[in-house]
Protein chains: 2
Amino acid sequence: MTGQERRAQVLAVAEQEFAVAGLHGVSTETIAHRAGITQAYVFRLFGTKKQLFLACVDAAFERMTLAMLGAGGASGLEALTAMGREYDAMLADRTTLLLQLQGTTAAAAGDPEVRDAVRASFGRLWQAVADTAGLDPVAIKAFLAFGMLLNTGAALELAEVDEGWARQARTRIQPGLFNHITTETNQ
Amino acid sequence: MTGQERRAQVLAVAEQEFAVAGLHGVSTETIAHRAGITQAYVFRLFGTKKQLFLACVDAAFERMTLAMLGAGGASGLEALTAMGREYDAMLADRTTLLLQLQGTTAAAAGDPEVRDAVRASFGRLWQAVADTAGLDPVAIKAFLAFGMLLNTGAALELAEVDEGWARQARTRIQPGLFNHITTETNQ
DNA sequence: CAGCTAAGTTAGTAGGTAGTAACTAGAAAC
DNA sequence: GTTTCTAGTTACTACCTACTAACTTAGCTG
């Protein structure tokens, strides 16, 4: 296997592990074993555990950002509707959603390297949504806020909770909502 | 110092540590040392590290829930406005916000004990907001979604970021927004 | 003062942790 | 046909980890 192929494979394994367990919740040994290599080689490929973690988080935000940019073409509300569909499709990809969450919480630890990297990723995502939709800042903010709630839902596995509040957390929001937000906040 | 006093003190220290570093990001030794006792005594007081962590997360959600319930009295939109003020005041209490985030991400690991506890806490918070405001489910959902975004902002320390998107993430949302949401989703 | 209880410590176990240095097998290059 | 590069391993260090059992000290009570 070439270096690039191996790197991609290790990254894929690491993403799954970090997504559920977080930076300190899984060992490099576990990741290496699942990838079928020795732990020492993981360090050869990625330098430090933190760098591997950040590569995973970055990839997750990048996937989400590209999905949002890919929903462009149409403008304004239509673009937001398309992005909503994209975000909804992302619900199936639990790893991506959880990595955003894990990156965000890891950023709270105060390590500037982690914090700055996650900030930058989040900023790019925000900017992508804002540029693609071109709507009122409040509508963009609302859109991303619902995104954060979906991430929470993924972590708590609300899909399998049969209670009133959990069902309400699951209901798809109507795209028209953001149109009303835009209209009302600009009146 | 009595057992109860010591318990409360250890809990306070543990909350601060877990809030920034998460369940696996801080050792019981560190917490014990900061509380001025031996590590062994922490286990005598709380049984396991996980139980101590869950006690911290529980306390954070409980504080938030009580703050929301305390904003009641008025009904409907006025209650939501008051709750918004409460949530905004909570921004000063970074520990509480981050513990919600840490609890949520820890729940992703698949441990049923953690997941069920955090689910229950989150459900109680949701129910408290819903009962106090008594508004449309979509408005409640939007309110809590913005809450999740504030938690994210706390983790990334967006308050000190001087970029367009970060400034938009900081802007207070107008309470009237939720009224429009209620009106529009019920039309 | 004897006995009990509550608060707390000492000293350990058993295993995991990130990270490093030195080595090796095979293929490609000149 | 030797050299050089690439993918990968072995073997290790130094230390941290949650958790336990047995002991101690001080105050309260009969």
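So that the names make sense, note that chain A is the first sequence line, chain B the second, and so on, each numbered from 1. Just so you know, these numbers come straight off a predicted model, no measurement behind them.
- Residues A:Asp116 and A:Arg119 are paired through a salt bridge, judged by an N-O separation under 4.0 Å between the basic side chain and the carboxylate.
- Between the CE atom in A:Met90 and the OG1 atom in A:Thr96 there is a gap of 5.5 Å [rounded to 0.5 Å].
- Summarising the geometry, atom CZ belonging to A:Arg63 is positioned 5.5 Å from atom CG belonging to A:Asp93; distances are rounded to the nearest 0.5 Å.
- At least one side-chain nitrogen or oxygen of B:Arg6 sits closer than 4.0 Å to the OP1 or OP2 atom of C:dG8.
- Atom NE2 in A:His24 sits about 15 Å away from atom P in D:dC16, given to the nearest Å.
- Applying the side-chain hydrogen bond (donor to acceptor under 3.5 Å, both in side chains) rule to A:Gln4 yields no partners; only residues at least two apart in sequence or on another chain are considered.
- Close to D:dT17, at under 4.0 Å from its OP1 or OP2, lies a side-chain N or O of B:Ser27.
- Among the protein residues, B:Val42 comes within range of no part of the nucleic acid, since none of its heavy atoms lies under 4.0 Å from any strand.
- Classified by interplanar angle (parallel below 30°, tilted 30° to 60°, perpendicular above 60°), the ring pair B:Trp165/A:Trp126 is tilted.
- The distance from atom CZ of A:Phe122 to atom CE of A:Met148, rounded to the nearest 0.5 Å, is 4.5 Å.
- Rounded to a whole Å, the OH atom of A:Tyr41 is 4 Å from the C1' atom of D:dA7.
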Quick test: give all pairs of protein nitrogen or oxygen and nucleotides 19-22 of chain C nitrogen or oxygen below 3.5 Å, distance rounded to 0.1 Å.
from, atom 1, to, atom 2, distance (Å)
C:dG19, OP2, A:Lys49, N, 3.0
C:dG19, N7, A:Gln39, NE2, 3.1
C:dG19, O6, A:Gln39, OE1, 3.1

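- B:Glu29 places its CD atom 15 Å from the P atom of C:dA11, with the value rounded to the nearest Å.
- Between A:Gln4 atom CD and D:dG8 atom P there is a gap of 13 Å when expressed in whole angstrom units.
- Rounded to whole angstrom, the span from the CG atom of B:Leu45 across to the P atom of D:dT20 amounts to 14 Å.
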